[in-house]
Visitor: 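Questions regarding the structure given below will be posed in turn.
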Amino acid sequence: MNTDKRIALISVHGDPAIDIGKEEAGGQNVYVRQVGEALARQGWQVDMFTRKTKATQSTIVQHSPNCRTIRLIAGEQDFIPRDKLFDYLPAFVSQLRQFQLENNLQYSIVHTNYWLSAWVGMELKKHQSLQQIHTYHSLGAVKYASTEHIPPIAKTRLAVEKECLETAECIVATSPQEKEHMRKLVSLKGNIKMIPCGTDIQRFGSVSRSEARLRLGIPRSSLVVLYVGRFDRRKGIETLVRAVSRSIFPGLADIRLVIAGGSRPGQSDGIERARIETIVDEVGLREYTTFPGQLDRDELPYYYGAANVCVVPSHYEPFGLVAIEAMASRIPVIASEVGGLKFTVVPEQTGLLCPPKDDLAFATAIDRILSSPTWEQELGEAARQRVETMFSWQGVAQQLSKLYTSIAAESIKQPSLLSA
Ligand code: UDP
């Protein structure tokens, strides 16, 4: 059985082959897909395992000759919120092992994503000789500190996150801030390496403002404030709406607030969307606001391209792909001063940072940038430079590939007694 350069990426709830931006599909799905596809281009055989959430979904999606998504049946073939998925993980593990057996597959490296997959990786390790790399995407210890609602699964999650940090061969932190959180809030044990998330620097930044506005029907004179992302309370969309209503522009200029992402009403994120729409009405921004809904990969560059500024008002953000997508598109970012956003956005150079939930600070930041077109352009150019230097997927995948190779080499030096 050839395990050389064969890797499994596990992402139980974040299907890398699904539409992004609605329900719970966001940065993790993009990360797994981009990492998988980029690694395949670097010669790895990549299998990405996820949970099947609709009976009509294909079991296998081939992204490229060496990269595929494999959907396993674990629980109902329907959307199940991530906080309710833990009970289905044993079924996921047994389906994965069954798939390996049927296809005579063994993986020397398993890269798990989010705590649910961390558990899957730790279970697999009990039966197989493999090296586990893990990316958290979100840390329970940080998340629960920024929310009033602590779900019943919290205790289990915190325990799994600690065990994984202490036992995985390597943890990939996507920002220095995330690494610091792990050390302060999770454990002093374990091997952590910082490799950031990346973005597609060819796709983002490829559309000029005039081309983008022509396509979207936005006048040249408009001032466009953009949000892109899921509808989830921790994303802080309410702060953005209140900030725009407090900024000096509504009424003075042709301001457009574009809030992109989210499903149609009736799905799990519909409640937050309805709540945001109510606030938009309440603060009198209805005539200035549009909700284009979920955007696909081809539409996104036009929305970024058309914007004057992109706002990422999250209460907590482990990395925040949207910030680097906007930056790659030469758009200044105004973000909450939290998590990975403190790493990607350089205040006064590529955008501005504000305390989370502080609508007045966000309003001031929006006013500062929109009232100075020259500065807006300078910030955008510096943002693009920063992304080119630090956050291209190709560069990120090269760093991951190097990490896998060195960990696989270590495992050959210290062979395990376990077999599949
Ligand atoms: N996204 C998308 N379409 C949408 C909304 C969001 O493709 O309608 C993508 C967005 O471009 C980004 C990801 O979803 O790549 C969101 O990632 P981020 O890390 O910003 O947030 P998360 O969803 O992980 O909290």
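This is a predicted model, so every value here is computed, not measured. Ligands are counted one by one from 1 in listed order, and the atoms in each one are counted from 1 as well. Quick note: numbers below take in every heavy atom, side chains included, and nothing from hydrogens, waters or symmetry partners.
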Visitor: Between ligand 1 and G229, is the shortest N or O to N or O distance under 3.5 Å?
Guide: no
Visitor: I'd like to know whether ligand 1 has R297 as a neighbour, heavy-atom separation below 4.0 Å.
Guide: no
Visitor: Mark the output for K235 as yes if a heavy-atom distance to ligand 1 is under 4.0 Å, and as no if none is.
Guide: yes
Visitor: For L295, counting its heavy atoms only, list the atoms of ligand 1 lying under 4.0 Å from any of them.
Guide: 2 (C), 3 (N), 4 (C), 7 (O), 8 (O)
Visitor: Have a look at ligand 1 and work out which part of L300, if any, has a heavy atom under 4.0 Å from it: side chain, backbone, both or neither.
Guide: side chain
Visitor: Can you tell which part of V30 has a heavy atom less than 4.0 Å from ligand 1: side chain, backbone, both or neither?
Guide: side chain
Visitor: Nearest 0.5 Å, what's the CG-NE2 distance between D83 and H13?
Guide: 9.5 Å
Visitor: Could you verify whether a donor N or O on one side chain and an acceptor N or O on the other, from H111 and Y404, lie under 3.5 Å apart?
Guide: yes
Visitor: Tell me which part of Q34 gets within contact of ligand 1: side chain, backbone, both or neither, using heavy atoms under 4.0 Å.
Guide: neither
Visitor: State, to 0.1 Å, how close K5 and Q42 come at their nearest heavy-atom pair, and which atoms those are.
Guide: NZ-O, 3.4 Å
Visitor: Give the numbers and elements of all ligand 1 atoms closer than 4.0 Å to a heavy atom of V228.
Guide: 5 (C), 6 (C)
Visitor: Do D367 and S247 meet the criterion of a side-chain donor-acceptor pair at a distance under 3.5 Å?
Guide: yes
Visitor: Give a yes/no verdict on a cation-pi contact between R386 and F391, requiring under 6.0 Å between NZ or CZ and the six-membered ring centre and an angle within 45° of the axis.
Guide: no
Visitor: Are R203 and Y304 in a cation-pi setup, meaning NZ or CZ lies under 6.0 angstrom from the ring centre and within 45 degrees of the ring axis?
Guide: no
Visitor: Polar-atom distance check: G26 versus ligand 1, any N or O pair below 3.5 Å?
Guide: no
Visitor: If you take all heavy atoms of A118 and Q132, which pair is closest and at what distance?
Guide: O-NE2, 3.3 Å
Visitor: Output the list of atoms in ligand 1 that are nearer than 4.0 Å to some heavy atom of G320, sorted by atom number.
Guide: 19 (O), 20 (O)
Visitor: Which of the atoms of ligand 1 are close to Q294, meaning less than 4.0 Å from one of its heavy atoms?
Guide: 8 (O)
Visitor: Identify, by atom number and element, the atoms of ligand 1 in contact range of E325, meaning under 4.0 Å from any of its heavy atoms.
Guide: 10 (C), 11 (O), 12 (C), 15 (O)
Visitor: What about F49 and F99, are their ring centers closer than 6.0 Å?
Guide: yes
